[in-house]
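Just so it is clear, the values below take in all heavy atoms, side chains as well, and ignore hydrogens, waters and symmetry mates.
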There are 2 protein chains.
Amino acid sequence: MRADAQRNYDHIVAVARTVFYEQGTEASLDEIAKRAGVGPGTLYRHFPTREVLIDAVMKSWVDQIQAAADDAATSSAPPRELLLSWFRSFIAHISRQKGGPARLTAAMGNPESHIYGKCQVLKEANARVLDRLRADGALRDDIDSLEVCRLIGGVAAVADQAELDAAATEPLLDIVVDGLLAQGSSSGARGRTRSSAQPAK
Amino acid sequence: MRADAQRNYDHIVAVARTVFYEQGTEASLDEIAKRAGVGPGTLYRHFPTREVLIDAVMKSWVDQIQAAADDAATSSAPPRELLLSWFRSFIAHISRQKGGPARLTAAMGNPESHIYGKCQVLKEANARVLDRLRADGALRDDIDSLEVCRLIGGVAAVADQAELDAAATEPLLDIVVDGLLAQGSSSGARGRTRSSAQPAK
DNA sequence: ACCTGAACACCGTTCAAGT
DNA sequence: ACCTGAACACCGTTCAAGT
């Protein structure tokens, strides 16, 4: 790639990250082109579809997700806390752009999608955490990573679209985690540490 | 309302129902106007925003939802089956238009939305079912109907956007139901009747 | 009181002309 | 090889003119 092309490419991605953060993944591509100081044709040359651009913008969190999964997989926290905090960071990462969670859960399990690669990264990171818990016998044994990603992605999508804050999202996670832990689990009373938080205005 | 206006109103809603069913709730309003044989101005006179039109289209399932909730609330099925089959019909109803689940979950708890009334119907129908189970001591006691609606709405949104079939949705529901039932429930072994269904191609 | 359809603004997409 | 920007198609929205 020619030097000026590379510069344009990088700049468009940087601008898109900002605009998607401000306005969500449905933001005007025209505005992104204008703010990046390129013609609309240049944006289309590099990113033939919106999803290709979104994929490029998401490239930056792949390492962070994997690191978070490694942390969780080697943590010594009890299963319940471990799962909860892993899911919180999972959600935080995929929610960096408004509309991101819905796109990712829609693409999950659909190899045609341009962001399928990102879904695979999520699925494998999640699988590592689940495997760790399964080895401890803390997890029910009839679920796979794809199902869990869909469920947590669904929670993230709801939180994203209804603009729920963390306090309003926590109860949803709580229910899912309870449903995932092995029913005869040894994690004691399965401490229900909820503060009966109400959704914020 | 004048007779011709009423006729136009009804016809637009009928056409919108069809088009939304075919193409989802993002379908072109222009096309709906054309297919209904009215000018775009007429559609806008009756339905100033897309959500007002969607709300009118949804009017037809309110009674059905309430009937389904009454069925569930008076059923003698064991808690697990009762909840599962209520959630299945909840999802079926809100998924009649592509994009419907996402809109409803986004509007849930947001009184500004034009479809907030429909959300309230869902919330109250669901509350009746939950109350019945709570009275039996079958339900964990730290959840309210809004949270459950969001969670099930999230599952419906995922299924809708990823175009999952019933077999791929069931495992997600299964996990949520397990998370909702009282942990020391008397419902026996909490029979896990899953057929390890895999998501469809 | 209601409807029509032209007009406008905005956006995604294409492509001929430039460097 | 890459970029520009004019041009086109489509869609939501408004409103003056009609009945």
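Between B/D55 and B/K118 there is a salt bridge, with a side-chain nitrogen of the basic residue lying less than 4.0 Å from a carboxylate oxygen of the acidic one. The existence of a salt bridge linking B/D70 and B/R128 is confirmed by a sub-4.0 Å separation between a basic side-chain nitrogen and an acidic carboxylate oxygen. Under 4.0 Å is where a charged nitrogen must lie from a carboxylate oxygen, and between A/D160 and A/R96 no such pair does. Using a cutoff of 4.0 Å between basic side-chain nitrogens and carboxylate oxygens, B/E170 and B/R88 are scored as salt-bridged.
Computed from coordinates, the A/E26 CD to D/dG12 P distance equals 14 Å when rounded to whole Å. For the pair A/R50 CZ and C/dC11 P, the interatomic distance rounds to 11 Å; values are reported in whole Å. The nearest whole Å value for the distance from the CD atom in A/E51 to the C1' atom in C/dG12 is 16 Å. Taking atom CG of residue A/L43 and atom P of nucleotide C/dC11, one finds them 14 Å apart after rounding to whole Å. Separating the CG atom of A/L29 from the P atom of D/dC11 is a distance of 17 Å, rounded to the nearest angstrom. The separation between A/K34 atom NZ and D/dT4 atom C1' is 13 Å, rounded to whole Å. With rounding to whole Å, B/D30 atom CG is found 12 Å from C/dA6 atom P. Here the P atom of nucleotide D/dG12 and the CD1 atom of B/I12 are 14 Å apart, to the nearest Å.
The side chain of A/N8 sits closest to D/dC3 out of D/dC3, C/dC2, C/dT4. You'll find that the side chain of B/R45 is closest to C/dC3, out of D/dC2, C/dG5, C/dC3. When distances are taken from the side chain of A/Y44 to each of D/dC3, C/dG12, D/dT13, the shortest belongs to C/dG12. Looking at the side chain of B/A5, the nearest of the listed nucleotides D/dA6, C/dC3, D/dT13 is C/dC3. The side chain of A/R2 lies closest to D/dA1, out of C/dC3, D/dC3, D/dA1. Checking C/dG12, C/dA6, C/dT4 against the side-chain heavy atoms of B/P40 singles out C/dA6 as nearest.
Summarising the local packing, OH of B/Y116 is surrounded by more than 12 heavy atoms from other residues, nucleotides or ligands at distances under 6.0 Å. Counting heavy atoms of neighbouring residues, nucleotides and ligands inside a 6.0 Å radius, atom CD of B/E163 does not exceed 12 of them.
Comparing A/E31 and B/G41 by the nucleotide of DNA chain C that holds the closest heavy atom to each, the one mapping nearer the 5' end is B/G41.
Checking the phosphate oxygens (OP1, OP2) of D/dC3, a side-chain nitrogen or oxygen of A/H46 falls inside 4.0 Å.
As judged by a 4.0 angstrom heavy-atom cut-off over every strand, B/S28 is placed among residues touching the sugar-phosphate backbone only.
The structure places CZ of B/F90 at 8.0 Å from CG of B/L104, a figure rounded to the nearest 0.5 Å.
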Q) What would the secondary structure line of DNA chain D be in dot-bracket form, counting Watson-Crick and G-U wobble pairs under 3.5 Å, with [ ] for pairs that cross earlier ones and | for pairs with another strand? A) ||.|||||...|||||.||
